[in-house]
Colleague: 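Provided herewith is a single structure, encoded as structure tokens, for subsequent inquiry.
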There are 2 protein chains.
Amino acid sequence: MTQLQRRRIPDAAVTRLPVYLQILNNLHATNVLRFSSDELAVLAGVNAAKVRKDLSYLGSYGTRGVGYEVTYLIHQIKRELGLLREWNVVVIGAGNLGCALAKFGGFAPRGFPVVGIVDNDPKKIGQTTGSLTVGDVRNLGKMVRDLNVTIGAITTSTATAQSAVDALIDAGVASILNFAPIVLATPSSVSVRNVDLGVELQILSYYEQMRTEQSESAKTQTKSSTASV
Amino acid sequence: MTQLQRRRIPDAAVTRLPVYLQILNNLHATNVLRFSSDELAVLAGVNAAKVRKDLSYLGSYGTRGVGYEVTYLIHQIKRELGLLREWNVVVIGAGNLGCALAKFGGFAPRGFPVVGIVDNDPKKIGQTTGSLTVGDVRNLGKMVRDLNVTIGAITTSTATAQSAVDALIDAGVASILNFAPIVLATPSSVSVRNVDLGVELQILSYYEQMRTEQSESAKTQTKSSTASV
DNA sequence: CAGACTTTGTGAAATTCTGCACGAAGGCAT
DNA sequence: ATGCCTTCGTGCAGAATTTCACAAAGTCTG
């Protein structure tokens with residue numbers, strides 16, 4: 001029972017906590033003070049017991065017979081996810097997507113300021129996008145150190161994505177958001193989250209086809225699946 | 001009892017098949033004819049037994065002692081995922097992201113042509129983006145029927161995302177790619193895939209914080225578990 | 001303050017997913 | 001053909017995740 005070390009939260013629960021946080025922020029914005037696991041479960045589209053178990057990984061912050069306090073739970077989730085501080089982001093690849101991310105102001109207020117953008121194309125280096133100037137990818141190491149970067153977003157072409165991630169890891173960045181449609185080779189100490197619309201569409205295609213075939217065979221069976229990233 | 005119906009593939013496997021397909025397409029492009037489960041496992045960053053089990057859901061298409069044929073497997077995965085036909089996509093919300101998706105030509109060649117884009121803002125309706133003209137969301141039903149749309153991509157503001165998905169479901173669309181940072185309320189017969197960069201960043205934040213704390217404590221602790229996503 | 005009512009927190013069962021281990025099935029060399 | 005080598009396909013056990021079910025702990029009412 002001596003649990004000085006932080007409790008480890010199951011991966012599956014970690015992916016749901018940001019969703020809960022989003023919902024609680026909305027509740028807070030509409031002046032809701034308290035919520036029950038049942039209410040949150042409906043809003044998040046999951047089982048109520050799962051909500052309670054997920055929240056219990058943070059500690060026992062509910063009150064039996066009453067529920068949870070919105071603001072307090074928001075704080076606890078933020079604490080657990082490491083959102084009480086900022087994590088600086090650098091974008092690699094100053095193409096359409098990279099520049100859009102750099103210009104988009106929506107990440108800084110959520111704690112993920114984009115503090116730099118780099119490319120390997122001499123024609124792009126030096127151009128400005130939003131409030132940032134595109135740097136040379138060869139100076140990535142210095143940039144990471146000077147600007148205290150912890151997260152790298154890869155928006156390069158597929159062909160250069162692997163060298164981009166190698167450069168990031170070299171520079172000491174261990175959290176990567178990858179937009180290139182490729183599986184990156186990384187040591188297991190590095191976290192990678194892939195965002196690939198092609199993959200998402202193909203997953204939808206599978207379930208769509210299942211439905212199509214099912215309604216064509218016009219019989220019993222109504223099994224469906226909903227998936228979230 | 002009678003198993004005329006298609007084998008049901010586990011959800012976890014369905015999400016990996018598109019990744020395998022991607023890799024096999026690359027192998028094909030570099031004139032590789034055959035591959036073993038081991039080779040694909042390395043490229044996909046997963047266990048070889050998992051690869052074999054995943055592929056076995058398609059049928060027994062490997063040759064013992066030899067491996068799998070690249071082109072044949074590509075075809076089988078496409079068949080299973082429903083990628084031998086096209087699935088038409090409509091974009092709801094003609095903002096930055098919506099227009100970018102409409103203009104981006106990368107989906108049509110992969111079997112997901114964007115055939116329409118709509119908005120509810122009179123100022124946007126009638127404008128052209130790429131080869132498409134922004135339609136009125138009130139005509140969504142007709143558009144879905146006339147253009148045989150099966151997938152809807154929601155790129156509206158958070159505030160209008162729910163009414164957008166309601167309209168899609170009304171129109172008979174049951175596969176939804178949602179970019180709005182909100183959990184959509186949908187019947188269980190509808191498939192939803194969420195793409196939310198904020199959620200992804202927050203997940204990365206959790207594991208980054210775990211690493212940070214671990215390297216800071218870097219003492220006395222006997223139990224050290226490595227976190228990898 | 002007692003009893004009815006609500007909702008949490010969590011063991012335990014059920015389900016899903018993963019990975020090992022090995023028999024089966026092919027190729028290849030002699 | 002025979003025997004060796006490689007690699008698939010899969011049964012099974014263990015891990016992870018989800019769900020159930022209920023005691024515990026609180027509120028509320030009269």
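Per chain, numbering begins at 1; letters A, B, ... match sequence-line order.
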Colleague: Which label fits B:Tyr72 and B:His75: parallel for a plane angle under 30°, tilted from 30 to 60°, or perpendicular past 60°?
Modeller: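 Answer is parallel, since the angle falls under 30°.
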
Colleague: Should B:Arg34 and B:Glu69 count as an ion pair when the cut-off is N to O under 4.0 Å?
Modeller: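 Salt bridge absent between B:Arg34 and B:Glu69.
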
Colleague: Using a 4.0 Å cut-off on heavy atoms, which residues in residues 21-38 of chain A reach DNA chain C? List them by number, or say none.
Modeller: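 Residues of residues 21-38 of chain A under 4.0 Å from DNA chain C: A:Ser36, A:Ser37.
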
Colleague: Among B:Thr186, B:Thr155, B:Asn194, whose side chain to side chain donor-acceptor pair (under 3.5 Å) with B:Asn178 holds?
Modeller: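 Answer to the side chain to side chain donor-acceptor pair (under 3.5 Å) test with B:Asn178 among B:Thr186, B:Thr155, B:Asn194: B:Asn194.
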
Colleague: To check you understand the geometry: which heavy-atom pair defines the closest contact between A:Ala48 and A:Asp38, and what is its length?
Modeller: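 Taking A:Ala48 first and A:Asp38 second, the nearest heavy atoms are CB-OD1, 3.8 Å.
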
Colleague: Taking all non-hydrogen atoms of both residues into account, name the closest pair between B:Gln162 and B:Ala185 and its distance.
Modeller: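 B:Gln162 and B:Ala185 have their closest heavy atoms at OE1-N, 3.0 Å.
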
Colleague: With sequence neighbours excluded, what pairs up with B:Ser163 under the side chain to side chain contact (heavy atoms under 4.5 Å, CB included) test?
Modeller: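 By the side chain to side chain contact (heavy atoms under 4.5 Å, CB included) rule, B:Ser163 matches B:Thr160.
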
Colleague: Which residue pairs pass the ring pair (Phe, Tyr, Trp, His ring centres under 6.0 Å) test when at least one of the two sits in residues 30-51 of chain B, sequence neighbours left out?
Modeller: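 Output for this query lists B:Phe35-B:Tyr68.
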
Colleague: In residues 47-75 of chain B, which ones come under 4.0 Å of DNA chain C, going by heavy atoms?
Modeller: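 B:Asn47, B:Ala49, B:Lys50, B:Arg52, B:Lys53, B:Arg64, B:Val66, in order of number.
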
Colleague: Taking heavy atoms of chain B and a 4.0 Å limit, find me the 5'-most and 3'-most nucleotide of DNA chain D within that range.
Modeller: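 Span of nucleotides near chain B: D:dT6 to D:dC12.
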
Colleague: Show me, pair by pair, the donor-acceptor contacts under 3.5 angstrom made by side chains of residues 81-91 of chain B, not counting sequence neighbours?
Modeller:
residue, atom, partner, partner atom, Å
B:Trp87, NE1, A:Ser205, OG, 2.8
B:Trp87, NE1, B:Gly82, O, 2.7
B:Asn88, ND2, B:Leu147, O, 2.8
B:Asn88, ND2, B:Asn148, O, 3.4

Colleague: Could you tell me whether A:Asp11 and A:Arg8 make a salt bridge, using a distance below 4.0 angstrom between a side-chain N and a carboxylate O?
Modeller: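 A salt bridge is present here (some side-chain N lies under 4.0 Å from a carboxylate O).
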
Colleague: Crowded around B:Asp166 CG? As in, over 12 foreign heavy atoms under 6.0 Å?
Modeller: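 Above 12, so yes.
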
